[in-house]
Amino acid sequence: MTHPPLGEMLVTLRDTTPLVHCMTNYVAMNSTANLLLATGASPAMLHAPEEVAEFTAIAGALSINIGTLSTPWAESMQLAARTAKETGTPWVLDPVAVGATAFRQQVCTALLAHRPNVIRANASEVMALTGLASQGRGVDATTTTEDAAQAAIKLAQQQCCIVAMTGETDFITNGTHHYRLTGGHALMPRVTTLGCGLSALVAGFLAANQANPLSATLAALACFSIAGSRAGQQASGPGSFQVALLDALYALTPDDLSSLSQLETLHAV
């Protein structure tokens with residue numbers, strides 16, 4: 001399968017400055033907004049049931065993150081996801097700690113009925129979504145992406161979507177075509193909400209590149225990987241890393257994305 005150069009995905013993002021409707025958690029709102037702005041997208045954080053459907057219909061993409069879940073938020077998420085499906089607005093599901101409680105499982109099951117374009121999750125969350133045994137603790141992954149690759153493929157096939165499973169190594173699949181992405185830095189798990197921000201960034205790339213959702217997803221993850229690697233070279237700890245990551249995302253060029261991405265096409269899994 002041939003994909004446009006990943007750098008072209010970044011050019012389109014910055015040329016169009018897509019509006020991303022982020023229904024994310026309390027912890028992630030500020031950092032996610034800054035991450036999107038640094039890369040070139042335009043964030044909006046709305047949760048009220050009185051307006052989420054209306055806003056989803058005018059947004060370029062929707063990102064739903066269930067991190068600090070509550071019943072009112074779950075209802076708003078259902079409204080937004082239903083609207084996205086009806087209007088053809090691309091949307092991303094981040095099923096934070098879905099295996100931890102029955103409530104999270106119920107909410108994600110209902111959201112999956114609205115067919116997300118991309119599921120961005122760690123290995124434990126992917127295993128939980130496919131109904132497999134998972135020992136996930138909170139938002140941390142206790143299963144590697146290699147262990148969960150078959151589950152990711154199964155989930156992508158079941159949902160007719162892209163599964164972007166992230167961790168020390170990323171595994172991306174649409175159920176037929178599979179990719180491995182390496183890079184990033186060891187400090188990334190030491191900074192909270194980076195995964196939440198990445199899900200929103202995937203939504204931004206989807207909004208700007210709707211004709212190429214798989215390439216858009218790969219480009220978003222490659223941006224994070226390259227920027228994380230660069231930030232880690234400058235940072236002395238988690239605090240300086242977070243600032244350096246924003247600067248690195250802002251400074252990324254299309255050539256960086258096309259030439260430095262450590263992306264591997266997998267012919268067998």
Side-chain angles (χ1 to χ4, degrees), residues 1-20 22 32-43 59-61 63 90-92 117-120 145 156 161-174 176-185 188 194-235 241-267:
M1 185 176 184
T2 302
H3 298 279
L6 298 185
E8 292 182 10
M9 305 288 107
L10 181 59
V11 170
T12 307
L13 175 82
R14 290 176 172 168
D15 284 348
T16 58
T17 317
L19 178 62
V20 183
C22 304
T32 294
N34 284 332
L35 188 151
L36 287 172
L37 288 169
T39 310
S42 178
S63 178
W91 76 279
V92 178
N117 299 80
V118 178
I119 297 170
R120 205 291 309 165
T145 51
C161 74
I162 296 161
V163 174
M165 184 168 59
T166 57
E168 186 174 346
T169 299
D170 299 340
F171 178 80
I172 307 96
T173 180
N174 64 359
T176 304
H177 303 281
H178 322 301
Y179 301 86
R180 179 185 293 121
L181 179 67
T182 56
H185 193 271
M188 296 181 87
L194 289 191
C196 306
L198 176 55
S199 296
L201 187 61
V202 171
F205 272 88
L206 287 176
N209 301 278
Q210 292 196 34
N212 298 290
L214 182 55
S215 295
T217 303
L218 294 171
L221 269 63
C223 274
F224 228 59
S225 174
I226 296 167
S229 178
R230 287 181 169 175
Q233 294 170 11
Q234 305 172 28
F241 179 86
Q242 189 168 21
V243 174
L245 179 64
L246 289 178
D247 289 345
L249 286 168
Y250 179 77
L252 271 180
T253 69
D255 285 343
D256 290 336
L257 205 55
S258 293
S259 63
L260 299 179
S261 171
Q262 300 179 50
L263 184 67
E264 176 188 0
T265 301
L266 302 177
H267 299 290

- Determine, step by step, whether S261 and L181 satisfy the side chain to side chain contact (heavy atoms under 4.5 Å, CB included) criterion, reporting the C-alpha distance in whole Å, the side-chain angles of both residues, the deciding distance to 0.1 Å, and the verdict. CA-CA 8 Å; S261 171; L181 179 67; 3.7 Å; yes

- With side chains defined as the heavy atoms from C-beta onward, is the minimum distance between I119 and V92 less than 4.5 Å? no

- Query: Does some side-chain heavy atom of Y179 sit less than 4.5 Å from a side-chain heavy atom of L214?
  - Reply: yes

- Distance col, row N117:CG vs I162:CD1, nearest 0.5 angstrom, shows 7.5 Å

- Search all heavy atoms of C196 against all heavy atoms of T32 and return the closest pair with its distance. C-OG1, 4.0 Å

- Item | Side chains of L13 and M9 in contact at under 4.5 Å (non-hydrogen atoms) | no

- Query: Looking at I226, T166, L201, L263, which hits side-chain contact (heavy atoms from CB on, under 4.5 Å) with L221?
  - Reply: T166

- Item | pair L10-F205: side-chain heavy atoms closer than 4.5 Å | yes

- Query: Hey, is the main chain of A41 close enough, under 3.5 Å, to the side chain of T17 for a donor-acceptor pair?
  - Reply: no

- Distance from L6 atom CG to L257 atom CG, nearest 0.5 Å? 5.0 Å

- Would you confirm whether R230, through its side chain, and A244, through its main-chain N or O, come within 3.5 Å as a donor-acceptor pair? no

- Check P213 against Q210 and note the closest heavy-atom contact, atom names and distance. CD-O, 3.6 Å

- Using a 4.5 Å cut-off on heavy atoms from C-beta on, say whether the side chain of P43 contacts that of V20. no

- Does the side chain of S42 reach to within under 4.5 Å of the side chain of L36, using non-hydrogen atoms? no

- Query: Of the non-hydrogen atoms in P18 and A208, which two are nearest, and what is the gap between them?
  - Reply: CG-CB, 4.1 Å

- Item | From H177 atom NE2 to L218 atom CG, the distance as rounded to the nearest 0.5 Å | 11.5 Å

- Does the side chain of F241 reach to within under 4.5 Å of the side chain of L194, using non-hydrogen atoms? yes

- OG1 on T253 to CZ on R14, rounded to 0.5 Å: 8.0 Å

- Message: Quick check against the 3.5 Å criterion: does S229 have a side-chain atom that pairs as donor or acceptor with the backbone of S225?
- Response: no

- Task: Please report the closest heavy-atom contact between L252 and A227, naming both atoms and the distance.
- Result: CD1-CB, 4.5 Å

- Query: Does some side-chain heavy atom of L245 sit less than 4.5 Å from a side-chain heavy atom of H185?
  - Reply: no

- Task: Mind listing the closest non-hydrogen atom pair of P254 and V11 along with its distance?
- Result: CG-CG2, 3.3 Å

- Got a second to check how far R120's CZ is from M165's CE, nearest 0.5 Å? 11.5 Å

- Donor-acceptor contact below 3.5 Å, side chain S258 vs main chain G7: yes

- Looking at CG of D170 and CD of E264, how far apart are the two atoms once the value is rounded to the nearest 0.5 Å? 12.5 Å

